Asker: 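Attaching a single structure in structure tokens format; questions to follow.
Numbered from 1 within each chain, the chains take letters A, B, ... in sequence-line order. In this text, all values refer to a predicted model and were calculated from it rather than measured experimentally.
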Protein chains: 2
Amino acid sequence: MKKRTTIKDIARKAGVNHSTVSRVINENPAISDKTKKKVLKIMADLDYRPNLIARGLVKSKTNAFALITPDVNLHVAPIIKGISDTCRRLNYGLMLFSTDYWLEESRSYLEVVKNWLVDGVLIYNVIYHKEIPANIKELQKEEIPFVFLNKFIGSGMVNAVGINNYSAVELAVDHLVNIGRKRIAVINGGMMSVDGVERFEGFKKALEKHDIEFDKRLVGEGNFFYNEAYEEMKRILCLNMEKPDAVFCANDLMAIAAINAIRDRGLKIPEDIAVVGFDDLEAGKYFTPALTTIRLPQQDIGGKAIDLLLKIINDPKRSVEDISLESKLIVRESSIK
Amino acid sequence: MKKRTTIKDIARKAGVNHSTVSRVINENPAISDKTKKKVLKIMADLDYRPNLIARGLVKSKTNAFALITPDVNLHVAPIIKGISDTCRRLNYGLMLFSTDYWLEESRSYLEVVKNWLVDGVLIYNVIYHKEIPANIKELQKEEIPFVFLNKFIGSGMVNAVGINNYSAVELAVDHLVNIGRKRIAVINGGMMSVDGVERFEGFKKALEKHDIEFDKRLVGEGNFFYNEAYEEMKRILCLNMEKPDAVFCANDLMAIAAINAIRDRGLKIPEDIAVVGFDDLEAGKYFTPALTTIRLPQQDIGGKAIDLLLKIINDPKRSVEDISLESKLIVRESSIK
DNA sequence: ACCTAAATTGGTAACGTGTGCATATATAAG
DNA sequence: CTTATATATGCACACGTTACCAATTTAGGT
């Protein structure tokens with residue numbers, strides 16, 4: 001690579017001290033218009049860019065955030081997009097660390113954060129924890145600003161931003177009740193994951209709200225994938241009891257599985273059984289029947305999370321805050337009256 | 001944030017000069033076992049991590065790459081995953097810049113690259129160009145190592161890694177011919193995009209290979225989205241001529257549109273018209289009929305691209321290379337005999 | 001013109017590492 | 001016990017920038 005032009009190159013050409021150039025760059029008011037103009041001209045001519053590494057060294061601030069995510073897939077994509085768009089707007093860099101799940105527990109987040117200096121860390125994490133894991137405590141001890149995404153929402157334990165799974169599921173159940181369904185099955189997403197747990201909890205709470213008794217036999221133990229959901233749906237339909245008239249699935253892929261299972265069993269959707277998914281997969285709209293689902297404000301998470309991160313950075317002693325975002329019900333054919 | 005422990009803290013505690021500590025860190029052989037052990041012990045005790053910013057300043061090497069992408073969506077996700085996994089393996093950082101398309105032409109890639117020092121740049125870009133755009137020439141002039149993803153493959157103009165659209169489409173057409181189809185329609189992805197152009201070119205070439213005459217009337221001008229593809233498919237089916245017996249779509253979403261259009265027109269898939277998509281969307285498997293498609297080695301692009309980038313960094317004068325990766329045909333119900 | 005205060009600029013140290021060169025210590029040879 | 005040679009370590013500077021303090025210039029008031 002070519003040698004970059006530095007502040008000193010500019011200074012030499014302008015016949016001033018390099019600190020003067022620095023002042024021009026940092027818009028220090030103690031600088032005469034004449035020299036300011038001269039320096040700016042030369043900076044433009046030489047296409048000068050400040051060396052952010054050097055600046056980072058002296059200011060111990062890199063103007064970059066880190067995002068730690070277990071995976072990069074279609075669910076994480078909109079979150080990343082939101083974050084990265086926000087970073088661009090604020091002129092921050094974004095370091096992306098995909099851990100491929102192995103970092104979840106065993107290794108400390110500090111490993112990456114301490115090595116790649118960043119001003120703050122966003123942690124997207126899907127494994128369900130009741131307590132704050134030890135490695136996070138370490139983060140707190142080191143006073144590294146961090147915000148959790150989609151975890152510990154409403155816990156009051158750490159700074160966090162995420163969707164409100166409870167109210168989102170409530171939307172779904174309310175809708176099913178509104179169209180007259182009372183015997184609602186559920187296909188779960190697995191109790192290892194935050195979303196799996198919360199959506200199931202939310203489901204039970206929503207039933208309670210409508211005075212519908214929770215029937216254990218109507219619970220399918222899925223894991224967010226297709227195959228298990230298909231089998232569970234089929235199993236529920238074969239039980240020797242009154243059939244469900246609706247099913248809520250913790251994500252769209254499982255909802256598609258449910259639809260296929262129901263149809264393979266010779267039942268009609270939505271007449272016999274209404275189906276509601278979760279996530280708003282693009283393709284869901286084009287299925288027959290088009291899938292009713294919950295649309296999540298995934299892209300908004302990034303903006304809110306970085307807002308919060310900046311607040312923490314500017315006031316490290318502030319009390320923790322968590323922000324929960326509301327989702328939207330998208331009604332389509334799979335659950336109309 | 002807390003003050004980090006530095007090389008000097010270690011040095012003080014060990015009663016040696018900081019340069020000795022530096023040598024230990026860098027495994028300089030000119031260092032006695034005794035002091036080495038002592039220093040290493042203290043480093044472990046204090047949980048020392050080198051300040052990569054400072055190191056980057058003196059070595060003008062940051063051990064980080066940049067990825068510039070117009071968007072973060074489900075298509076880019078696996079590419080990002082591949083890249084980020086590879087970076088993690090090699091202990092490189094990855095700076096993600098999502099341009100939201102505005103950087104494509106107007107602003108120079110240099111803007112970001114020069115500002116955030118990185119050792120190399122990966123550029124994912126979807127807009128079709130015959131010539132190398134001016135901003136890239138600038139990159140070359142500045143001698144910044146970069147590799148294109150999914151663009152300029154086979155052009156011999158720049159270093160690039162991507163899928164071979166031509167051979168991928170050939171797979172699809174070969175398959176359709178194999179199951180006895182001769183009158184093959186196509187729904188294009190739009191001539192603004194590299195993939196759109198190349199897949200259409202590949203389609204025509206593949207027809208030629210099988211001595212099938214290209215019929216302009218069987219071309220639908222899609223844009224990778226659902227609605228236009230649906231309309232175009234419908235239009236083609238309404239033309240006053242012999243109907244196609246197959247349709248190749250430049251991506252899966254449009255293939256789903258085609259399926260719905262064909263079905264809405266009262267025709268059977270695959271009996272009347274076989275459908276082949278492109279991309280292998282997860283949901284495609286669960287449609288009825290399950291979608292035949294082309295599975296792309298998206299995740300492999302990252303590894304190959306970074307290999308190439310490292311080669312360029314280590315030998316800046318080497319001649320350009322481009323690597324094209326092969327895709328795989330996934331046959332499902334939408335195109336069986 | 002002269003003094004004083006204000007505005008502008010220069011000089012230098014610092015951020016945390018790496019590195020070449022000089023120096024000190026240990027080892028080997030005589 | 002010297003002297004020569006390897007081996008080990010310290011010293012000082014460099015990387016490009018910011019930040020502080022001192023020095024200089026300019027402006028304002030008499």
Asker: Is there a salt bridge (charged side-chain N to carboxylate O under 4.0 Å, His left out) between A/Arg89 and A/Asp85? Walk through the geometry before answering.
Answerer: CA-CA 6 Å; A/Arg89 253 194 17 245; A/Asp85 284 354; over 6 Å; no

Asker: So what is the end-to-end bend of the helix from C/dA1-D/dT30 to C/dG30-D/dC1, with 5 pairs used at each end and the value given to 10 degrees?
Answerer: 40°

Asker: For B/Ile31, report the nucleic acid contact type (base, sugar-phosphate, nothing); a contact means any heavy atom under 4.0 Å.
Answerer: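 If one applies the 4.0 Å heavy-atom cut-off, B/Ile31 turns out to touch the sugar-phosphate alone, with no base involved.
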
Asker: Rounded to whole angstrom units, what separation is found between the CG atom of A/Asn28 and the P atom of C/dA7?
Answerer: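 Distance check: A/Asn28 CG to C/dA7 P gives 13 Å.
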
Asker: Please state how far atom CG in B/Asn26 lies from atom P in C/dT17, giving the value in whole angstrom units.
Answerer: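 Atom CG in B/Asn26 sits about 11 Å away from atom P in C/dT17.
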
Asker: OP1, OP2 of C/dA7 versus side-chain N and O of A/Ser32: anything below 4.0 Å?
Answerer: no

Asker: Looking at every strand, decide which applies to A/Arg23 at a 4.0 Å heavy-atom threshold: base, sugar-phosphate, or nothing.
Answerer: base

Asker: What's the separation between atom CG in B/Asp71 and atom NZ in A/Lys81, rounded to the nearest 0.5 Å?
Answerer: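 Between B/Asp71 CG and A/Lys81 NZ, I get 4.0 Å after rounding to 0.5 Å.
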
Asker: Under a 4.0 Å threshold between the charged nitrogen and the carboxylate oxygen, would B/Asp9 count as salt-bridged to B/Lys13?
Answerer: no

Asker: Quick one: do A/Arg49 and B/Leu117 satisfy side-chain contact (heavy atoms from CB on, under 4.5 Å)? Show the steps, please.
Answerer: CA-CA 10 Å; A/Arg49 316 268 156 169; B/Leu117 298 196; over 6 Å; no

Asker: I'd like to check the salt bridge (charged side-chain N to carboxylate O under 4.0 Å, His left out) partners of A/Glu143; sequence neighbours left out, ordered by chain and number.
Answerer: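 Salt bridge (charged side-chain N to carboxylate O under 4.0 Å, His left out) check on A/Glu143 returns nothing, list empty.
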
Asker: NZ of A/Lys59 versus P of C/dG16: gap in Å, rounded?
Answerer: 15 Å

Asker: Of B/Val39, B/Ile25, B/Thr20, which is the lone residue that meets side chain to side chain contact (heavy atoms under 4.5 Å, CB included) with B/Ile7?
Answerer: B/Ile25

Asker: Counting just side-chain N and O atoms, does B/Ser22 come under 4.0 Å of either OP1 or OP2 of C/dG18?
Answerer: yes

Asker: Please state whether the rings of A/His129 and A/Phe152 are parallel, tilted or perpendicular, taking 30° and 60° as the class boundaries.
Answerer: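 Parallel: the ring planes of A/His129 and A/Phe152 meet at under 30°.
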
Asker: Would a 4.5 Å heavy-atom cut-off, applied to side chains only, mark B/Leu67 and B/Leu149 as touching?
Answerer: yes

Asker: Mind checking A/Ser19 for me? I need base, sugar-phosphate or nothing, with any heavy atom below 4.0 Å counting as a touch.
Answerer: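 If one applies the 4.0 Å heavy-atom cut-off, A/Ser19 turns out to touch a base.
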
Asker: How long is the line joining CD1 of B/Ile53 and C1' of C/dT17, in whole Å?
Answerer: 12 Å

Asker: Any N or O donor-acceptor pair linking the side chain of B/Arg49 to the base of C/dG16 at under 3.5 Å?
Answerer: no

Asker: Look at the side-chain N and O atoms of A/Thr35 and state whether any lies under 4.0 Å from the OP1 or OP2 oxygen of C/dT9.
Answerer: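 For A/Thr35, the contact criterion (side-chain N or O under 4.0 Å from OP1 or OP2 of C/dT9) is met.
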
Asker: Return whichever of A/Ala54 or B/Val21 has its heavy-atom-nearest nucleotide of DNA chain C closer to the 5' end.
Answerer: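 The 5'-side residue here is A/Ala54.
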
Asker: Tell me what B/Ser60 touches on the nucleic acid: a base, only sugar-phosphate, or nothing, going by heavy atoms under 4.0 Å.
Answerer: nothing

Asker: I need the CG-P distance between B/Asn17 and C/dG20, as an integer number of Å.
Answerer: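 These atoms are roughly 16 Å apart.
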
Asker: I'd like to know if B/His18 reaches the base of C/dG18 with its side chain, counting only an N/O donor and acceptor under 3.5 Å.
Answerer: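 Pair found.
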
Asker: A/Lys38 has an atom NZ; how far is it from atom C1' of C/dT8, in whole Å?
Answerer: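 So the two atoms are 12 Å apart, to the nearest Å.
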
Asker: Would you kindly give the CG-to-P distance between B/Asp33 and C/dA26, to the nearest whole Å?
Answerer: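 Answer to the nearest Å: 16 Å.
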
Asker: Check every nucleotide of DNA chain D for an atom under 4.0 Å from a heavy-atom of chain B, then give the first and the last such nucleotide from 5' to 3'.
Answerer: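 The footprint of chain B covers D/dA8 to D/dG16.
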
Asker: Specify the separation, in whole Å, of atom NZ of A/Lys61 and atom C1' of C/dA14.
Answerer: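 After rounding, the gap between these two atoms is 19 Å.
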
Asker: side-chain contact (heavy atoms from CB on, under 4.5 Å) for A/Asn63 and A/Asn91? Distances and angles first, verdict last.
Answerer: CA-CA 8 Å; A/Asn63 262 263; A/Asn91 250 300; 5.6 Å; no

Asker: Under a 3.5 Å distance rule, please check whether B/Asp119 uses its side chain to pair with a backbone N or O of B/Thr62 as donor and acceptor.
Answerer: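 Indeed, once roles are kept as given, a pair shorter than 3.5 Å links the two residues.
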
